[in-house]
2 protein chains.
Amino acid sequence: MAARRLILSQFLPYRLSITMQAVSEGLATRYSHEFGITVPEWRVISALGEHQEMTARDIAAHARMNKTMVSRAVATLLERNILLRRENSGDRREAFLRLARRGDDIYAAIVPMALDYERKLLRDLPKAEIAALDRALTVLLHRADEEARAINDKINGDAE
Amino acid sequence: MAARRLILSQFLPYRLSITMQAVSEGLATRYSHEFGITVPEWRVISALGEHQEMTARDIAAHARMNKTMVSRAVATLLERNILLRRENSGDRREAFLRLARRGDDIYAAIVPMALDYERKLLRDLPKAEIAALDRALTVLLHRADEEARAINDKINGDAE
DNA sequence: CGAAATTAGTTTCATATGCAACTGATTTTG
DNA sequence: CAAAATCAGTTGCATATGAAACTAATTTCG
């Protein structure tokens, strides 16, 4: 546990952070400019584009958003007629959400834009390196979740 | 430019975003809990730990922060006697910042914690995959910066 | 030299975010 | 069955954030 030097530009959490920031901004600028959609809103739209009909809770789980964020994004999108909402008559706490006509159009317009952007980013990485990146991100997310759980347990006194 | 399906869980910008979020949180929880330091404050401290003495402007450039963020983090850290500030008598707009005694202590305590965390995250990735991840992040950041510039130029009408 | 432009850094303001408290509905359990 | 606990989703509140306006200092240039 020797205190080696820490060089910010080589430190993984820092690099991940600035890279994701740049990547995310580059894409968000496009669709926000063209469709007035925020990042959380895009997440909701893409979740529903992928799964047709979900509750807010499902969306939160699928897109790793907290329920406040989902609630607000959904409210705005309903307001703008981008989503449709159908109450679950079997459990009136929840409601099924899906893309309205306008939502379909927006989704259909953003998807190629997003995939094109992704392609550009990865353009000159060899296939093998892209595969390695994929694996690495999977492992990192998994480990980070584990570590987060560990540290929270320690802070909260473990026995809950 | 065919509108292939977009699967959120496989879409690079999304994966980067959630991974960095988990990674960043896992580390930030530790030092915020132990030292009451925020992420921007840690960035400033680590920049100064690495480079001894810098102006706010240098810090912003080195740690990819905007000047508002630096200004606020520095103000808090000065307040808490974690930094020292020495006005540049040759150019009184700027000031040189460096870690105070307390800042050194905090830095010395966080660095091993941060490196340990990084080690844990990368624990079961083979050396070759880590190297591939490094290269990939470098390329991605570079491409994303390029794309951001391109899109901004397009939006602002290019000829500035 | 002196006006205009530029720069470092701060502050204002409008927006984004998340936790925690809340509402209304459903489920659990004594 | 009724009280307590849980759950889906919303809202209030306090904090975080960044763009743009601002201040004070320096540089540029007519």
Side-chain angles (χ1 to χ4, degrees), chain A residues 17-18 20-22 24-26 28-29 32-33 36-44 47-48 53-79 83-97 148 152 155-156 160, chain B residues 17-18 20-22 24-25 28-29 32-33 36-44 47-48 53-79 83-98 148 152 155-156 160:
Chain A
S17 169
I18 63 172
M20 104 72 186
Q21 172 122 354
S24 173
E25 233 176 74
T29 302
S32 80
H33 180 253
I37 298 285
T38 67
V39 175
E41 283 159 23
W42 157 243
R43 289 229 186 143
V44 168
L48 291 174
E53 200 168 52
M54 304 168 96
T55 64
R57 192 180 139 278
D58 295 336
I59 294 172
H62 184 70
R64 277 216 170 205
M65 302 165 70
N66 68 44
K67 61 183 183 171
T68 307
M69 214 154 70
V70 174
S71 174
R72 288 200 265 244
V74 165
T76 307
L77 294 171
L78 284 169
E79 187 70 28
L83 299 191
L84 294 174
R85 177 195 151 94
R86 182 171 66 82
E87 210 176 54
N88 179 0
S89 54
D91 182 343
R92 283 164 36 244
R93 286 172 302 186
E94 66 182 17
F96 299 115
L97 301 162
N152 280 329
I155 288 174
N156 298 332
E160 183 82 349
Chain B
S17 169
I18 64 172
M20 101 73 185
Q21 170 121 355
S24 173
E25 236 176 70
T29 302
S32 81
H33 180 254
I37 298 285
T38 67
V39 175
E41 283 159 23
W42 156 244
R43 288 227 187 144
V44 168
L48 291 174
E53 201 168 51
M54 305 168 95
T55 64
R57 190 179 141 279
D58 295 336
I59 295 173
H62 184 71
R64 276 214 169 209
M65 301 166 72
N66 68 44
K67 61 183 183 171
T68 306
M69 216 153 70
V70 174
S71 172
R72 287 199 268 241
V74 165
T76 307
L77 294 172
L78 285 170
E79 187 70 28
L83 299 191
L84 293 174
R85 179 197 151 93
R86 183 171 65 81
E87 210 175 55
N88 178 0
S89 55
D91 181 345
R92 284 167 33 244
R93 287 171 303 186
E94 65 182 17
F96 300 115
L97 301 163
R98 60 187 189 80
N152 280 328
I155 289 174
N156 299 331
E160 185 79 350

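Residue numbers start from 1 in every chain, and the chains themselves are labelled A, B, ... in the order their sequence lines are given, proteins ahead of strands. The analysis underlying the following values was restricted to heavy atoms, covering all of them including side chains, and did not include hydrogens, waters or symmetry mates.
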Nucleotide [N], atom [atom2] - distance to [atom1] of [X] in whole Å:
{"X": "Arg86(B)", "N": "dG9(C)", "atom1": "CZ", "atom2": "P", "answer": "13 Å"}
{"X": "Glu41(A)", "N": "dA16(C)", "atom1": "CD", "atom2": "P", "answer": "9 Å"}
{"X": "Ile37(B)", "N": "dA16(D)", "atom1": "CD1", "atom2": "C1'", "answer": "16 Å"}
{"X": "Asn66(B)", "N": "dA8(C)", "atom1": "CG", "atom2": "P", "answer": "14 Å"}

[X] to [Y] - nearest heavy-atom pair and separation:
{"X": "Ile37(A)", "Y": "Trp42(A)", "answer": "CG2-N, 3.5 Å"}
{"X": "Ala56(A)", "Y": "Leu97(A)", "answer": "N-CD1, 4.0 Å"}
{"X": "Arg43(A)", "Y": "Ala63(A)", "answer": "NH1-O, 3.1 Å"}

| In residues 56-65 of chain A, what residues come within less than 4.0 Å of DNA chain D, judged by heavy atoms? | Ala56(A), Arg57(A)

| query | Is any side-chain heavy atom of Met65(B) closer than 4.5 Å to a side-chain heavy atom of Val44(B)? | reply |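 The answer is yes; the side chains approach within 4.5 Å.
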
What is the distance from atom [atom1] of [X] to atom [atom2] of [Y], rounded to the nearest 0.5 Å?
{"X": "Glu25(B)", "Y": "Met20(B)", "atom1": "CD", "atom2": "CE", "result": "9.0 Å"}
{"X": "Glu87(A)", "Y": "Thr55(A)", "atom1": "CD", "atom2": "OG1", "result": "13.0 Å"}
{"X": "Met54(B)", "Y": "Glu94(B)", "atom1": "CE", "atom2": "CD", "result": "12.0 Å"}

| request: Return each pair, listed once, that meets side chain to side chain donor-acceptor pair (under 3.5 Å) where at least one residue sits in residues 59-77 of chain A; pairs must be two or more places apart or across chains. | output: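 Of all non-adjacent pairs touching residues 59-77 of chain A, those that pass side chain to side chain donor-acceptor pair (under 3.5 Å) are Glu50(A)-His62(A), Arg64(A)-Asp145(A).
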
| request: By nearest nucleotide on DNA chain D, pick out whichever of Gln21(A) and Val74(A) is the more 5' one. | output: Val74(A)

Nearest to the side chain of [X], which nucleotide is it out of [options]?
{"X": "Lys67(A)", "options": "dT17(D), dG18(C), dA8(D)", "value": "dA8(D)"}
{"X": "Met69(B)", "options": "dG18(C), dG18(D), dT10(C)", "value": "dG18(D)"}
{"X": "Arg85(A)", "options": "dG18(C), dT10(D), dA16(C)", "value": "dT10(D)"}

| said: Using a distance-only criterion (donor-acceptor N/O pair, under 3.5 Å, no hydrogens), is the base of dG18(C) paired with the side chain of Arg72(A)? | reply: yes

| field | Candidates Leu83(A), Asp58(A), Leu84(A), Leu77(A) - the one meeting side chain to side chain contact (heavy atoms under 4.5 Å, CB included) with Leu48(A) | value |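 In the set Leu83(A), Asp58(A), Leu84(A), Leu77(A), the residue that makes a side chain to side chain contact (heavy atoms under 4.5 Å, CB included) with Leu48(A) is Leu83(A).
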
| said: Any residue in residues 90-97 of chain B with a heavy atom nearer than 4.0 angstrom to DNA chain C? Just list them by number, or reply none. | reply: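 The answer is Arg93(B), Glu94(B), Ala95(B).
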
| Think Ser71(A) has a side-chain N or O under 4.0 angstrom from the OP1 or OP2 of dT10(D)? |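 Yes, Ser71(A) has a side-chain N/O under 4.0 Å of OP1/OP2 on dT10(D).
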
